[in-house]
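Computed from heavy atoms alone, side chains included, the values below leave out hydrogens, waters and symmetry copies. Here is how names work: the chains are called A, B, and so on, in the same order as the sequence lines, proteins then strands, and each is numbered from 1.
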Protein chains: 2
Amino acid sequence: MDPHLLTTFVTVARHGSFSAAAAELGYTQSAISQQIAALEADLGLALLRRRPVEPTPAGRRLLEHAGPLLLRLRAARADVLRTAAEPSHLLRVAATPLAVNPVVAARLAAARAAQPRLEVRLRTCRAERLAALVAEGRAELGLAGGIAAPSDPLRLPESGPMSTAGVSEEDLVVVLEPGHPLAGRARLRLADLIDARWLDTPLCPLTRLRDLVGDGFPVGLEYEGDDVHTVLTLAAAGHGLTLLPASAVPAGGGPVCAVPVAAPRLVHRVELLHAALPPGPATALAAALAG
Amino acid sequence: MDPHLLTTFVTVARHGSFSAAAAELGYTQSAISQQIAALEADLGLALLRRRPVEPTPAGRRLLEHAGPLLLRLRAARADVLRTAAEPSHLLRVAATPLAVNPVVAARLAAARAAQPRLEVRLRTCRAERLAALVAEGRAELGLAGGIAAPSDPLRLPESGPMSTAGVSEEDLVVVLEPGHPLAGRARLRLADLIDARWLDTPLCPLTRLRDLVGDGFPVGLEYEGDDVHTVLTLAAAGHGLTLLPASAVPAGGGPVCAVPVAAPRLVHRVELLHAALPPGPATALAAALAG
DNA sequence: CTCAATTACGCGCTGCGTAAGGATA
DNA sequence: TATCCTTACGCAGCGCGTAATTGAG
């Protein structure tokens, strides 16, 4: 159960290939083969079936453990190193695309005005990676946005001890093509849209919607990117409906028609994530963002 | 951040000595010294101050991570091995001393009557170790007992993914020496006993009591064992008060006087812990115990 | 027959033990 | 001075790469 071997194992499983894993990890095929053999010998059972390369039941079980385990290991390392690092004025903030809404941007501006020396490096990333980025110390702060029932916390992947605080909640609107029969309504109930075609995007994942509202929500088009403008364009062209926070839709609707959601009440919730921070600029910014 | 080095580090920190850790781990003093040096070089900072040997701030931080991390590693290993093991009729059950109360004992008897081939090996252990025993696969089932507010879950040390289920809750009694001025009352409020002398025992840790009720509860005598008879004898001799589930005090009170607690309402709660179990005797027993 | 994983084998590096050295109470 | 950790050094075993071999599609 050497983490080194565990890393190799998850890489092989991800690629479904020893040679591809070898290329990624900078080893020879042979070394990978020996590492997997060593892990299997250690546990006394087969973890991968060969040709095609795919995990056995025991291997699948190990994969479920390995990811979080390796993440915690990196997180522990980052946390220990953080205790020794002196407080920096450069703060790296990772955010999901919709997390930087007007409220967050305003608070960030206020914090920068209050602390002129503060330097912020903002980057966007997918929600699944956000907690890991913060845990591993590759970002001091994380802003995670997602769809939730009002006051309910987001479902973030477990990644060790981390503080979370609610930052903002914003009502959602249904984004429709202008010619849509329901466009122009003052409010819409999601239950009435359960059979309409939907866009499946990371900004509004249909799996999450089904969790919150119920089955249905057939996929019209799947968009793997997280660009709001693209989503709006796709919606305008009638590829499907989607939910966005009101502030993400241009005033007046632009090319699309935006209708508030009447029921069930859902919000785009933003949460602030951070590991234990040293006193200094980082805590100040965290406090400013949490409001 | 090799787990091997981490293990060495926690052992050295626990003993406050390189040589003692060497003896425990079966290495030479020199090897331990090299391992600690390797870990410190890897992280680029000092983890231990020598002479006396004690952790630096960074070392303390690492210690907080290392324990849970190593536990999860062992737990993952146990879990993977469990998927391959065939269901056994021998079930190892670990329980805190008071967890095996009449309710639990009766359910266990019913389960054994229903499944004649069932073989149960019961052992007692302290609450802190219980979750680790189950996580590491050294026991299939764990029965954790502790003091809690009604319907509130116990505070168990975090030890990876594990199922918990409430099993029973039993009212608590205050155990007093027969000559105590408050003996003979029909009910007592804990707030009135906050200045009395208390026994500090693992069966009723005063820290937990202070968490639930408030500061106070001065220590009369600290007993590190978990033998109920000894606690009753100490209470009878006037060394201090303690709380026990009613069923743990002999009918009539025996050498002590038992008075129900009126407020706040507290119970001795028993929870069942287990990792993902293979279908078979283990799941059947778990279901029987959970009621 | 081909491609990909396994096995054989040799070498270099890591990490241990022995033993000498150094720091601290 | 005694104790306990550190450093020097040599050896053994582990793990990698090269290259030959096996085996599945």
- prompt: Which sits closer to the 5' end of DNA chain D, A:I32 or A:R50, going by the nucleotide each is nearest to?
  reply: A:I32
query: Taking CZ from A:R49 and P from C:dA5, how many angstroms apart are they, rounded to a whole number?
result: 16 Å
message: Restricting to salt bridge (Lys or Arg N to Asp or Glu O under 4.0 Å), what partner residues turn up for B:R50, sequence neighbours left out?
response: B:E40
- line: So salt bridge (charged side-chain N to carboxylate O under 4.0 Å, His left out) across residues 80-99 of chain B, not counting sequence neighbours, yields B:D79-B:R82, B:R92-B:E140
- prompt: Going by the ring pair (Phe, Tyr, Trp, His ring centres under 6.0 Å) test, which pairs reach into residues 40-78 of chain B, not counting sequence neighbours?
  reply: none
query: Is there any ring pair (Phe, Tyr, Trp, His ring centres under 6.0 Å) pair reaching into residues 11-53 of chain B, and which pairs are they, with sequence neighbours excluded?
result: B:H4-B:Y27
Please enumerate all protein N or O atoms sitting under 3.5 Å from an N or O of nucleotides 1-4 of chain C, with distances to 0.1 Å.
from	atom 1	to	atom 2	distance (Å)
C:dA4	N3	A:R51	NH2	3.0

Whole-Å distance separating the CD1 atom of A:I36 from the P atom of C:dT6: 9 Å
statement: Shortest non-hydrogen pair, B:A94 vs B:C125, comes out as CB-SG, 4.3 Å
task: Identify, residue by residue, the members of residues 5-16 of chain B with a heavy atom below 4.0 Å from DNA chain D, and return them in order of residue number, or none.
output: none
- prompt: Which nucleotide of DNA chain D is the first, and which the last, in the 5' to 3' direction, to come under 4.0 Å of a heavy atom belonging to chain B?
  reply: D:dT3 to D:dA8
field: Divergence of helical axes at both termini of the helix from C:dC1-D:dG25 to C:dA25-D:dT1 - five pairs an end, 10° steps
entry: 40°
- prompt: Any salt bridge (charged side-chain N to carboxylate O under 4.0 Å, His left out) pairs touching residues 15-36 of chain A, not counting sequence neighbours?
  reply: A:R14-A:E24
message: Test of understanding: with salt bridge (Lys or Arg N to Asp or Glu O under 4.0 Å), list the residues that count as partners of A:R138, not counting sequence neighbours.
response: A:E136
field: DNA chain D: 5'-proximal contact among A:P52 and A:Q35 (nearest heavy atom)
entry: A:Q35
message: Can you pull out the residues from residues 38-48 of chain B that lie within a 4.0 Å heavy-atom distance of DNA chain C?
response: none
- request: To the nearest 0.5 angstrom, please state how far the OG1 atom of B:T8 sits from the CD1 atom of B:I32.
  value: 4.5 Å
statement: By salt bridge (Lys or Arg N to Asp or Glu O under 4.0 Å), A:D226 pairs with (sequence neighbours left out) A:R126
